[in-house]
Each structure stands twice: as C-alpha cells, then as structure tokens.
Undergrad: 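What follows is a single structure, and I will ask about it in a moment.
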Amino acid sequence: MADTKTFPIGPNFNMNEMVAKLTQLYQSKGFQVSQIQIGTSVTLTFDKDTDGIKKFVGLGLGIKANISINNNALIVNFSDAEWTGKIIGLAVGWVLCLIPFLLACYGAVQQSDLPKKIGNDIQMLAAS
C-alpha cells in the first residue's frame with residue numbers, strides 16, 4: 001500500500017537534521033531504523049518485531065519512507081509495508097483459532113496507522 005505525503009518547508013530546512021531526529025525518535029519507540037542516502041533523497045526503513053512469532057501472528061510493523069525535497073516541499077513516499085504476517089495471522093486465525101485472527105486484526109490496524117504517525121512526526125519535525 002503506497003502513500004504519499006507532501007509538507008511545505010522553509011528555505012533553511014535541513015533534511016539531514018530532520019532525518020537524524022526522526023531516526024532517534026523511532027529508535028526510542030523500539031523500531032530498528034536504517035537509512036540510505038541516494039543523492040538528495042533519503043530512504044528510511046522502519047522495522048519493529050519483524051522476526052520471530054510476532055511477525056507470523058501479524059504484530060510486526062515495517063515500512064519504508066522515501067524522503068525528498070522538490071520546490072520548497074518535503075515529499076514522503078511510503079512503500080513496502082509489512083502485511084505478510086497479518087495475512088498469515090488472519091488466515092490461520094479464521095481456520096483454527098480466534099486468537100491469531102484478533103492479533104492479526106490489531107496488527108493490521110497498527111500497520112495501516114504507521115504512515116500517518118510517521119507523516120505527522122515528519123510534519124512536526126519539519127515545522128520546527
């Protein structure tokens with residue numbers, strides 16, 4: 001599920017500083033954050049609980065945010081969301097037991113809210 005958000009920025013905006021603050025913020029929330037800089041854009045990968053049993057019952061969270069600047073606007077493209085565990089949890093839960101189904105539903109809600117949460121944090125950091 002791809003999603004794009006655009007935020008206005010000032011002429012003195014420092015993307016590297018904003019990326020460092022965003023990385024620190026999400027690492028403090030328990031995410032593993034990795035970044036790759038390609039030219040003037042940055043790709044951040046956010047992962048939390050994407051290994052072990054939590055992944056297969058749908059509680060793992062993961063997404064990529066591609067951040068770039070174009071005409072005094074910060075453009076954030078979200079991609080590669082972690083949906084595999086949610087699908088497995090829903091299928092197993094539907095057939096065998098209600099618990100994996102409920103966990104996968106909870107994970108799906110968290111995953112679908114992740115781009116909005118990261119986007120709000122980026123907007124807050126870009127405005128400061």
Side-chain angles (χ1 to χ4, degrees):
M1 177 185 308
D3 190 13
T4 301
K5 299 193 180 298
T6 304
F7 308 106
I9 55 173
N12 297 329
F13 177 74
N14 185 336
M15 187 163 72
N16 291 332
E17 183 180 323
M18 188 272 307
V19 167
K21 288 180 181 179
L22 186 66
T23 299
Q24 185 179 23
L25 175 65
Y26 275 85
Q27 285 175 339
S28 71
K29 293 180 179 184
F31 283 82
Q32 294 175 348
V33 182
S34 60
Q35 59 179 293
I36 299 171
Q37 186 156 0
I38 303 170
T40 60
S41 65
V42 176
T43 299
L44 293 172
T45 303
F46 300 88
D47 289 316
K48 183 176 183 180
D49 298 328
T50 56
D51 55 354
I53 190 70
K54 287 186 177 182
K55 176 180 181 170
F56 294 109
V57 295
L59 294 177
L61 298 174
I63 199 162
K64 283 187 181 180
N66 301 308
I67 305 171
S68 60
I69 297 175
N70 189 5
N71 295 330
N72 292 329
L74 187 67
I75 301 169
V76 184
N77 294 309
F78 294 101
S79 63
D80 298 340
E82 170 54 49
W83 288 102
T84 306
K86 283 98 180 136
I87 294 168
I88 293 170
L90 288 170
V92 169
W94 183 260
V95 174
L96 298 178
C97 177
L98 191 58
I99 293 171
F101 183 80
L102 294 175
L103 290 173
C105 287
Y106 175 76
V109 169
Q110 296 289 19
Q111 182 67 50
S112 66
D113 286 344
L114 190 57
K116 182 179 179 183
K117 289 178 182 177
I118 293 172
N120 288 341
D121 290 333
I122 289 173
Q123 184 176 20
M124 178 191 67
L125 291 170
S128 64

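Note that this is a predicted model, so its numbers are computed, not measured.
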Undergrad: Please say yes or no: joined through hydrophobic side-chain contacts below 4.5 Å, possibly via intermediate residues, are V42 and I69 part of one cluster?
TA: yes

Undergrad: Starting from the C-alpha separation in whole Å, work towards a yes-or-no answer on side chain to side chain contact (heavy atoms under 4.5 Å, CB included) for S79 and N66.
TA: CA-CA 8 Å; S79 63; N66 301 308; 3.8 Å; yes

Undergrad: Please name the pair of heavy atoms, one in P115 and one in I63, separated by the smallest distance, quoted to 0.1 Å.
TA: CG-CD1, 3.5 Å

Undergrad: Would a single hydrophobic cluster contain both I75 and F7, if residues Ile, Leu, Val, Met, Phe, Trp and Tyr are joined by side-chain heavy-atom contacts under 4.5 Å?
TA: no

Undergrad: State, to 0.1 Å, how close F46 and A65 come at their nearest heavy-atom pair, and which atoms those are.
TA: CE1-CB, 4.0 Å

Undergrad: If I take atom NZ from residue K116 and atom CG from residue D3, how far apart are they, to the nearest 0.5 angstrom?
TA: 11.0 Å

Undergrad: Is the shortest heavy-atom distance from the side chain of T23 to the side chain of Q35 under 4.5 Å?
TA: yes

Undergrad: Do I36 and I118 sit in one hydrophobic cluster, given that two such residues count as connected whenever their side-chain heavy atoms are within less than 4.5 Å of each other, even indirectly?
TA: no

Undergrad: About how many Å separate NZ of K117 and OG of S112, when rounded to the nearest 0.5 Å?
TA: 9.0 Å

Undergrad: Please give me the minimum heavy-atom distance between M15 and T40, naming the atom from each residue.
TA: CE-O, 2.8 Å

Undergrad: Do other residues, nucleotides or ligands put more than 12 heavy atoms under 6.0 Å from the CD atom of Q27?
TA: yes

Undergrad: Quick one: CD1 on I38 to OG1 on T43, what's the gap to the nearest 0.5 Å?
TA: 5.0 Å

Undergrad: Any chance you could measure M124, atom CE, to K21, atom NZ, to the nearest 0.5 Å?
TA: 9.0 Å

Undergrad: For L44 and I67, run side chain to side chain contact (heavy atoms under 4.5 Å, CB included): C-alpha distance rounded to whole Å, both residues' side-chain angles, the deciding distance at 0.1 Å, then the answer.
TA: CA-CA 8 Å; L44 293 172; I67 305 171; 3.8 Å; yes

Undergrad: Following the transitive rule for hydrophobic clusters with a side-chain heavy-atom cut-off under 4.5 Å over Ile, Leu, Val, Met, Phe, Trp and Tyr, establish whether L125 and L74 coincide in one cluster.
TA: yes

Undergrad: Side chain of K48, backbone of K29: donor and acceptor closer than 3.5 Å?
TA: yes

Undergrad: Any heavy-atom pair between the side chains of F31 and L61 that's under 4.5 Å?
TA: yes

Undergrad: Do other residues, nucleotides or ligands put more than 12 heavy atoms under 6.0 Å from the NZ atom of K64?
TA: no

